[in-house]
Amino acid sequence: GQATSGGKSTSSSSSSSSSASSSASKGGSGKSVTIGFSQVGAESDWRTASTKSMKGTLSSKNGYTMIFDDAQQKQENQIKALRNFIQQDVDYIALDPVTESGWDTVLKEAKDAGIPVIIVDRMVKVSDDSLYTAWVGSDFKAEGNKACEWLKQYADKKGIKQSDINIVDIQGTIGASAQIGRTEGLNDAVKANGWNLVAQQTGEFTQAKGQEVMESILKSGKKINVVYCENDNEAFGAIDALEAAGKKVGSDIKNGEIMVMSFDSTNAGLTDVKNGKIALDTECNPLYGPRVDEMIKKLEAGQKVPHLQYIDEAMFAKDNTIPTVTAKNAKGEDTKYDVTVVTDDVIKGRSY
Amino acid sequence: MEDVILEMKNISKTFPGVKALSNVDFALRKGEIHALMGENGAGKSTLIKVLTGVYDLEGGSITMAGKNIVNHSPEDAQKNGISTVYQEVNLCPNLTVGENLFIGREPRKGLFIDWNAVNKRSKKLLDDLNIEANPKKLLGDCSIAVQQMIAIARAVDQNCKVLILDEPTSSLDDDEVAKLFTLMRKLRDNGVGIIFVTHFLEQVYEVCDRITVLRNGELVGSYEASELPRVQLVAKMMGKNFDDLADIKSGHENKVDMNSTPVIDARGIGHTGTIHPFDLAVHKGEVIGLTGLLGAGRSEMVRAIYGADKADSGQLYVNGKKVKINKPLDAMMLGMGYLPEDRKKDGIIADLSVRENIIIALQAKKGMFHLMSRKEMDEAADKFIDLLQIKTASRETPIKSLSGGNQQKVIIARWLLTNPDYLILDEPTRGIDVGTKTEIQKLVLDLADQGKAITFISSEIEEMLRTCSRMAVLRDGYKVGELSGDQLNQADIMKTIAGSENGGSENAK
Amino acid sequence: MKKAKLSKTGFLLLITIVMFAVMYIAGMIIFQDKGFAKPQMFLNLFISNAGLIVIACGLTIVMITGGIDISVGSVTALVCMSAADVMENKGMSAVFALFLALIIGLAFGVVQGYLVTYLKIQPFIITLAGMFFGRGLTAVISTKMISIKNKMFLAWANEKMYLPFGYTNRHGVLVHAYIYPTVVIALVVVVLIQIMLKFSKFGRALFAIGGNEQSAVLMGLNVKSTKMKAYVLDGFLAGLGGFLFCLNSCAGFVEQAKGLEMDAISAAVIGGTLLSGGVGTVVGTLFGVLITGTIQSLITTQGTLSSWWVRIVLSIMLCFFIVLQAIIGGAGLKKKDKGKEKTAKATT
Amino acid sequence: MQSNQSKWSRITHAPLFMPIVCLIAVLVLNVIQTPTFFKISINNGVLYGYLIDIINRGSELVILAVGMTLVTAASGGQDISVGAVMAVAAAICCQLLTGGQKTSSTLAMPIIVAAIIGILVAGLCGAFNGFLVANLHIQPMVATLILFTAGRGIAQLVTKGQITYERAPSYKVLGGYIGKCPVPTPIFVAIITVIVMQLILKKTALGLYVESVGINGSASRLVGLNSTMLKFITYVICGLLAGLAGIVASSRIYSADANNIGLNLEMDAILAVALGGNNLGGGKFNMMGSIIGAYTIQALTTSLYAMNVSADQLPVYKAIVVVIIVVIQSPVFRDKIANASKKRKAVA
Ligand SMILES: Nc1ncnc2c1ncn2[C@@H]1O[C@H](COP(=O)(O)OP(=O)(O)OP(=O)(O)O)[C@@H](O)[C@H]1O
Ligand SMILES: Nc1ncnc2c1ncn2[C@@H]1O[C@H](COP(=O)(O)OP(=O)(O)OP(=O)(O)O)[C@@H](O)[C@H]1O
Ligand SMILES: [Mg+2]
Ligand SMILES: [Mg+2]
């Protein structure tokens with residue numbers, strides 16, 4: 001019920017449907033829809049929120065029987081789970097893939113068995129796009145593009161030369177798609193805007209590593225004024241390290257403050273935005289349940305669903321120095337994004 | 001000299017802190033049995049290991065049939081026609097008897113090992129040597145004696161020119177030794193040169209043609225066996241004259257009071273599957289021997305008393321008080337000590353130093369929270385190194401780098417240090433040189449004089465006759481008799497062991 | 001007395017197989033309505049684990065010598081990544097990729113084998129370094145995922161081999177049960193290695209070394225070259241297994257096959273291989289893989305556990321299995337010993 | 001000259017010589033790359049510098065290495081569950097402190113009580129491992145595999161799958177600083193752990209017992225040692241220490257991150273034991289060696305950060321350095337070098 005951001009977002013892709021807010025039992029018919037859902041794991045709060053959303057929406061109350069499988073971050077487990085679902089004759093398969101690639105064989109098996117597959121969150125790369133029915137998810141590269149665009153405009157507005165931006169990138173776990181997209185977004189912007197990329201090191205999406213890496217970078221004595229953390233947990237660690245070294249964290253780069261940028265926008269992350277410790281937190285929305293529900297309803301009713309559907313994601317800042325940014329979306333089109341100012345209500349509305 | 005098949009010249013070998021061999025020469029002729037003699041730690045095993053490539057050759061040369069050879073590994077040695085039984089049984093417990101006999105030279109059918117042939121040939125080999133073992137049985141399940149026989153069988157079955165036997169007879173009984181000797185003579189007649197290491201002088205004179213003596217890593221000399229009397233041989237080994245063993249018992253009076261409460265009184269103690277319920281009483285100051293054929297259950301008997309295998313029937317009284325022993329520590333607390341028969345498996349703690357090996361039992365008895373001070377440990381270790389003349393570079397040397405006999409002495413020291421009231425010695429003289437053997441026998445009698453109760457197990461009946469005041473006889477896991485006083489003679493013992501009226505030992509069958 | 005003749009290895013293997021059968025049949029009864037009884041469900045165990053089976057076989061070989069290899073997961077990742085990279089970015093053929101996979105495996109085997117055998121470094125540490133190295137090198141090739149789109153490769157990967165039985169699904173479609181060629185390869189490897197272990201000099205030497213390395217030296221076996229060969233063979237099988245793994249996932253990425261070494265080790269151990277060496281069979285290892293696969297499959301079929309309960313239940317079942325095996329194995333062997341002693345006595 | 005040489009050889013053959021040389025080598029390498037590496041200054045009222053980082057960040061690893069050394073010595077195997085057990089302890093401690101809340105800035109109970117409960121539960125995990133290894137004779141790596149898999153699941157169960165934050169400033173002390181003390185607290189925790197352990201080893205016979213049991217269990221039993229009990233105890237100690245390390249790690253981030261606390265630390269702990277010159281097959285051990293090994297690993301990680309080695313290549317370097325260290329420590333290699341130089345001298 002607290003899907004505030006879900007409600008706020010509008011599908012950027014062709015789907016013009018308004019989001020169906022409450023899920024009614026499908027078509028009133030007695031038989032429930034069986035759906036096999038293969039989840040990545042439970043490696044972060046974000047993921048846990050995502051699982052909760054799926055389980056909550058696709059519940060027996062709403063006319064579904066869900067077979068849930070946790071893959072423990074292993075692609076091979078997901079492949080096994082999918083094969084299992086096929087043998088169980090499920091009606092639908094929902095897949096939140098550990099990785100983007102490597103799905104050809106098993107998706108073909110599902111197709112042969114006549115089971116529609118809905119991919120959520122990460123995109124899959126397959127040789128034949130008809131192997132899955134629909135995809136709904138985030139675009140990590142666009143997230144990176146947006147955040148960097150915001151930084152560029154912020155510097156312009158505050159009269160800071162782009163070449164004076166000395167940025168540190170605390171990357172996510174190397175090879176994770178969120179890391180790849182967000183790092184790419186940054187690398188592009190560094191090239192385009194002439195920023196100095198002082199250091200680039202992985203914080204493995206954790207607070208402890210984020211802290212350790214930040215400490216080490218600080219000791220190198222290089223000048224830093226922006227820290228680009230690829231998730232909230234890393235940002236918390238980086239902030240601790242900065243403060244322990246006597247630096248001031250904030251947006252006032254000109255007066256020696258160090259700006260921290262982050263992704264995910266969890267409850268704790270937004271709290272830090274409000275405190276002024278995180279300058280910009282770019283959202284990554286985990287609430288896929290209602291979207292999948294909506295799609296299945298359509299498919300059951302024999303309607304067509306869009307093949308690709310991006311979840312629109314917000315950006316959060318302490319104030320509205322920059323109210324909107326225009327950046328390239330997943331398809332390379334320039335898109336306008338609003339920046340939301342964090343208030344207590346916004347924080348309260350975050351369930352994860 | 002024309003028929004010398006193996007000649008070693010100027011062999012030296014140093015270990016950290018020890019010069020194990022210095023400039024030793026050795027020659028072996030075709031078709032002779034050549035005894036290699038010396039005290040514990042004289043360097044016999046080391047010489048053999050240098051010869052067979054276990055250790056690198058540091059200096060000197062080895063020639064075989066006039067050709068210079070260098071063995072880098074036992075594999076090379078085997079290729080050069082030298083096959084060896086090393087001092088400690090060295091086979092693989094996880095493989096079957098048959099495999100142990102044939103590994104590395106398995107009969108094959110095409111590409112594959114022919115298991116039928118392995119088993120058949122093993123069976124034949126075992127039968128030829130009268131070894132009681134099923135080729136398909138796991139080696140680890142065989143007793144040490146059988147394992148030793150299997151190691152010998154493996155070595156002799158290879159068509160070798162030189163056969164080396166390093167103390168092969170230490171766990172064998174007379175029958176088996178006799179079998180081995182028959183075999184050795186046969187091989188000799190076929191022209192094989194045999195190097196034979198043993199501490200049993202009788203055996204040397206029974207089969208050997210020549211004798212080479214080592215002392216402290218140096219060559220004393222090589223002699224024709226017929227020209228070297230026993231006394232001189234011992235003198236050469238020890239470097240001093242030596243009074244014969246025969247009479248150590250005199251001077252020790254038998255002060256045992258058979259009417260006193262026994263120190264140990266086992267009533268109906270037994271362990272299912274290994275030893276049937278038996279009664280045994282041991283008094284203060286008494287040395288009681290256990291005798292029987294190989295596998296008669298002597299070891300099992302003492303293990304059941306000591307709690308090494310928890311007894312599942314009967315009661316044990318210590319000094320008249322009924323006690324319950326669940327584990328060895330209980331027995332130790334009641335004043336017992338147990339020197340196990342398998343030194344390598346149950347005795348030494350290989351990587352620990354001599355000092356630690358000596359004090360470990362006492363320390364265990366004292367408990368974890370009463371660590372002995374370093375000074376106490378050093379004193380204890382030094383005392384026993386001195387007392388038992390343990391040959392070691394220092395008290396901090398790991399026990400594994402001591403010679404076999406010296407390891408045994410360390411284990412004896414371990415138990416003497418705990419000052420037990422009742423001491424069980426299972427084959428304490430195995431692998432120990434003549435001089436030390438006498439020392440140990442004397443020691444046993446001294447301990448008895450001090451009022452300790454002792455149970456003594458040995459494969460040598462003479463040795464037991466010299467030390468024991470009473471003997472219990474076992475057969476097939478049953479205690480079948482007890483002998484004392486005048487009954488203590490070879491003939492009576494044999495009679496009881498055999499269980500028949502005609503006396504004399506028969507085959508185990 | 002027939003049973004007493006069973007060797008320790010045979011006895012452990014028997015336990016493993018019986019326990020697998022019991023578990024699987026129980027699953028078929030409990031989850032009858034959920035497709036667990038379908039033949040394809042069983043075949044899927046092989047399809048999804050073909051790579052793991054081959055890798056675990058290699059690991060079993062080094063474990064029999066008393067060694068271990070924890071680099072296999074990383075080697076798999078490296079193999080997948082290199083294969084993906086040469087096919088997608090360098091335009092090489094799938095045959096070349098297979099060749100490369102085997103070369104990589106061999107290279108790991110040779111280097112690790114040399115360090116373990118000739119410099120006598122502890123295998124755990126060397127292969128731990130190998131694990132770091134392989135994973136790092138994977139990232140050096142590319143930190144991005146590479147999807148394999150090579151035609152020939154996909155043809156290999158998707159070549160279903162239909163079996164003459166199947167079932168009719170809900171939509172009325174008759175679905176033939178099928179396997180992939182990878183399964184055949186894996187089973188052939190199992191059979192070949194089992195024959196090698198049982199019937200070749202090399203195979204028996206492996207057991208001798210694991211039983212007592214020093215004795216093996218003194219018995220005149222060439223311990224060094226045997227151990228070296230064991231590691232090389234293990235590396236080769238890791239390369240081959242990695243390639244089969246790749247055929248299943250058709251991609252290369254840094255995090256791939258993480259923790260695969262633990263799966264392989266536990267499969268081998270459940271199958272009756274001792275980490276201390278000297279005991280083990282690859283048939284047992286195969287069943288080890290099937291058992292862990294079945295446990296996973298049971299959990300997936302059940303389908304209502306939350307993420308953390310999946311882990312907990314998985315390990316409870318693993319624990320149950322290992323403990324049961326330890327108890328049955330321990331008790332059985334003890335009883336057998338006694339039986340043996342009695343026979344020995346009877347013949348005396 | 002002669003005595004000089006023997007003195008030198010005595011030093012080079014001391015058990016701690018190689019581990020220390022390796023640590024120094026790693027540090028020296030840094031100075032070349034990063035001249036400021038050894039600089040220690042007071043910054044913001046606390047000690048500041050790479051060296052401090054190494055000692056500080058290495059604390060958990062040191063604590064784990066101490067426990068791992070004992071376990072290795074007694075059972076000849078390793079406890080691979082320590083990382084997961086750290087997470088369990090952290091989860092319990094934080095959950096107790098927040099009173100079941102996801103986030104809290106007050107304390108629901110005294111920190112010391114929560115920490116002790118967390119550590120005790122970790123000890124219980126150790127006891128479970130110990131029971132499997134000592135009483136049921138399951139191979140250590142397999143026995144601890146169970147908690148390795150289940151541990152993080154249990155931790156997540158405790159934290160309900162989320163990260164629990166305890167933001168009360170006093171909770172940060174253990175991972176941060178005590179009042180105005182310029183030295184990070186984890187350093188004290190590590191030092192105290194080491195001192196306590198050294199005292200135990202010096203004042204009781206535990207060390208000797210453990211070595212003895214690890215070398216020859218059956219002989220140890222016959223001299224009155226209870227090897228089952230001793231093995232069990234080492235696992236309990238290892239568990240307790242893992243718990244302590246978990247609490248320190250959790251205090252650093254004032255939260256319980258079930259997925260990441262202690263992740264992969266078990267491998268580093270085992271590596272530390274091996275780099276310290278210990279035999280992973282059990283028996284004699286060298287506690288100080290393991291501790292130096294732990295700092296060596298941390299120094300390596302910190303230096304690679306300092307040199308800004310790109311993260312994806314990090315494992316490659318780590319692997320190379322590890323191999324170099326173990327190779328130069330290997331007695332075979334040292335013998336070869338010694339022989340070569342002897343020959344050269346002989347020629348000259
Ligand atoms: N690996 C080793 N390391 C160090 N010293 C050793 C090693 N092996 C043997 N020694 C030493 O070398 C000397 C000779 O030992 P060796 O084993 O050859 O004696 P032996 O004559 O066979 O004695 P025994 O009759 O007791 O078997 C002994 O002092 C022993 O301590
Ligand atoms: N590992 C084993 N497996 C099966 N039976 C055994 C084993 N060890 C001993 N036995 C049996 O136990 C009995 C006693 O054996 P053991 O050899 O210990 O007796 P012993 O009288 O001490 O002989 P010795 O000390 O001369 O070797 C025999 O019946 C033997 O067959
Ligand atoms: Mg000897
Ligand atoms: Mg005996």
Side-chain angles (χ1 to χ4, degrees), chain C residues 66 68 70-71 74 111-112 115 118-126 128-143 254 259 262-263 265-266 268-270 273-276 305-323 325-327 329-330, chain D residues 76-78 80 84 128 131-132 135-143 145-161 258 267-268 270-271 273-275 278-281 310-327 329-333 336:
Chain C
I68 199 162
I70 55 169
S71 72
S74 292
V111 174
Q112 294 182 158
L115 291 170
Y118 292 93
L119 293 189
K120 295 213 165 69
I121 302 173
Q122 313 186 43
F124 190 95
I125 293 309
I126 283 305
L128 181 64
M131 169 173 151
F132 290 146
F133 190 78
R135 193 66 65 182
L137 215 56
T138 311
V140 170
I141 295 174
S142 165
T143 53
V254 179
M262 283 304 159
D263 296 344
I265 292 172
S266 49
V269 170
I270 288 174
T273 306
L274 291 186
L275 279 168
S276 45
L305 295 177
S306 64
S307 302
W308 36 97
W309 276 113
V310 170
R311 285 189 187 188
I312 297 173
V313 172
L314 197 74
S315 31
I316 288 175
M317 294 185 72
L318 193 69
C319 175
F320 175 75
F321 194 88
I322 292 171
V323 169
Q325 194 185 33
I327 291 171
Chain D
Q78 286 73 40
I80 59 168
F128 174 75
F131 177 76
L132 294 185
N135 296 73
L136 297 185
H137 304 285
I138 296 173
Q139 311 174 55
M141 195 190 273
V142 183
L145 183 70
I146 293 167
L147 271 180
F148 171 81
T149 326
R152 293 189 189 281
I154 296 169
Q156 279 185 314
L157 184 70
V158 171
T159 63
K160 303 180 191 90
M267 288 299 164
D268 280 349
I270 297 171
L271 197 55
V273 172
L275 290 187
N278 291 296
N279 181 358
L280 295 183
S310 111
D312 43 341
Q313 291 165 15
L314 208 131
V316 177
Y317 287 91
K318 200 167 166 182
I320 292 171
V321 174
V322 167
V323 169
I324 292 175
I325 292 179
V326 291
V327 166
Q329 278 197 16
S330 129
V332 181
F333 180 77
K336 275 189 184 165

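Please read these numbers as outputs of a predicted model, since none were measured by experiment. Just so it is clear: chains get the letters A, B, ... in the order the sequence lines come, proteins before strands, and each one is counted from 1.
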Can you check whether I154(D) reaches W308(C) side chain to side chain, under 4.5 Å on heavy atoms?
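Answer no - side chains too far apart.
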
Distance from [X] atom [atom1] to [Y] atom [atom2], nearest 0.5 Å?
| X | Y | atom1 | atom2 | value |
| --- | --- | --- | --- | --- |
| S315(C) | L145(D) | OG | CG | 8.5 Å |
| M141(D) | L275(C) | CE | CG | 6.0 Å |
| L314(D) | F132(C) | CG | CZ | 10.0 Å |
| I80(D) | I265(C) | CD1 | CD1 | 7.5 Å |
| D268(D) | L128(C) | CG | CG | 8.0 Å |

Which heavy atom in I138(D) sits nearest to a heavy atom in A326(C), and how many Å separate them?
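Looking at all heavy atoms of both residues, the shortest contact is CG1-CB, 3.7 Å.
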
For I70(C) against M267(D), the heavy-atom pair lying closest together:
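Taking I70(C) first and M267(D) second, the nearest heavy atoms are CD1-SD, 4.3 Å.
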
Any donor-acceptor pair under 3.5 Å linking the side chain of [X] with the backbone of [Y]?
| X | Y | answer |
| --- | --- | --- |
| S330(D) | L119(C) | yes |
| Q313(D) | L137(C) | no |
| Q156(D) | S307(C) | no |

Under 4.5 Å from any heavy atom of chain C, what part of [X] do you find: side chain, backbone, both or neither?
| X | answer |
| --- | --- |
| V322(D) | side chain |
| F148(D) | side chain |
| L132(D) | side chain |
| I320(D) | side chain |

Option in A274(D), A258(D), G161(D) with maximal non-hydrogen atom pairs under 4.5 Å from chain C:
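Answer, by heavy-atom pair count under 4.5 Å with chain C: G161(D).
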
Look at L280(D), L136(D), V321(D) and state which one has the largest set of heavy-atom pairs under 4.5 Å with chain C.
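It is L280(D).
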
So which of M262(C), K120(C), Q122(C) has the biggest tally of heavy-atom pairs under 4.5 Å with chain D?
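So the answer, after comparing M262(C), K120(C), Q122(C), is Q122(C).
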
Given the options V140(C), L318(C), I125(C), V313(C), which has more heavy-atom pairs under 4.5 Å with chain D than any of the others?
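That would be I125(C).
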
Which atoms of V323(C) are under 4.5 Å from chain D, going by heavy atoms: the side chain, the backbone, both sets, or neither?
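Contact with chain D involves both backbone and side-chain atoms of V323(C).
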
I68(C) versus chain D, the contacting section by heavy-atom distance below 4.5 Å
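The side chain, not the backbone.
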
side-chain contact (heavy atoms from CB on, under 4.5 Å) partners for A84(D), two or more places apart
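A84(D) satisfies side-chain contact (heavy atoms from CB on, under 4.5 Å) with R152(D) once adjacent residues are dropped.
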
Given V323(D), V326(D), V332(D), the one that forms side chain to side chain contact (heavy atoms under 4.5 Å, CB included) with I121(C)
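Only one of V323(D), V326(D), V332(D) forms a side chain to side chain contact (heavy atoms under 4.5 Å, CB included) with I121(C), namely V326(D).
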
Are there over 12 heavy-atom neighbours, none belonging to Y118(C), within less than 6.0 Å of that residue's OH?
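More than 12 within 6.0 Å, yes.
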
Are C319(C) and F128(D) close enough, and set up right, to give a side-chain contact (heavy atoms from CB on, under 4.5 Å), and what steps lead you there?
CA-CA 11 Å; C319(C) 175; F128(D) 174 75; 3.7 Å; yes

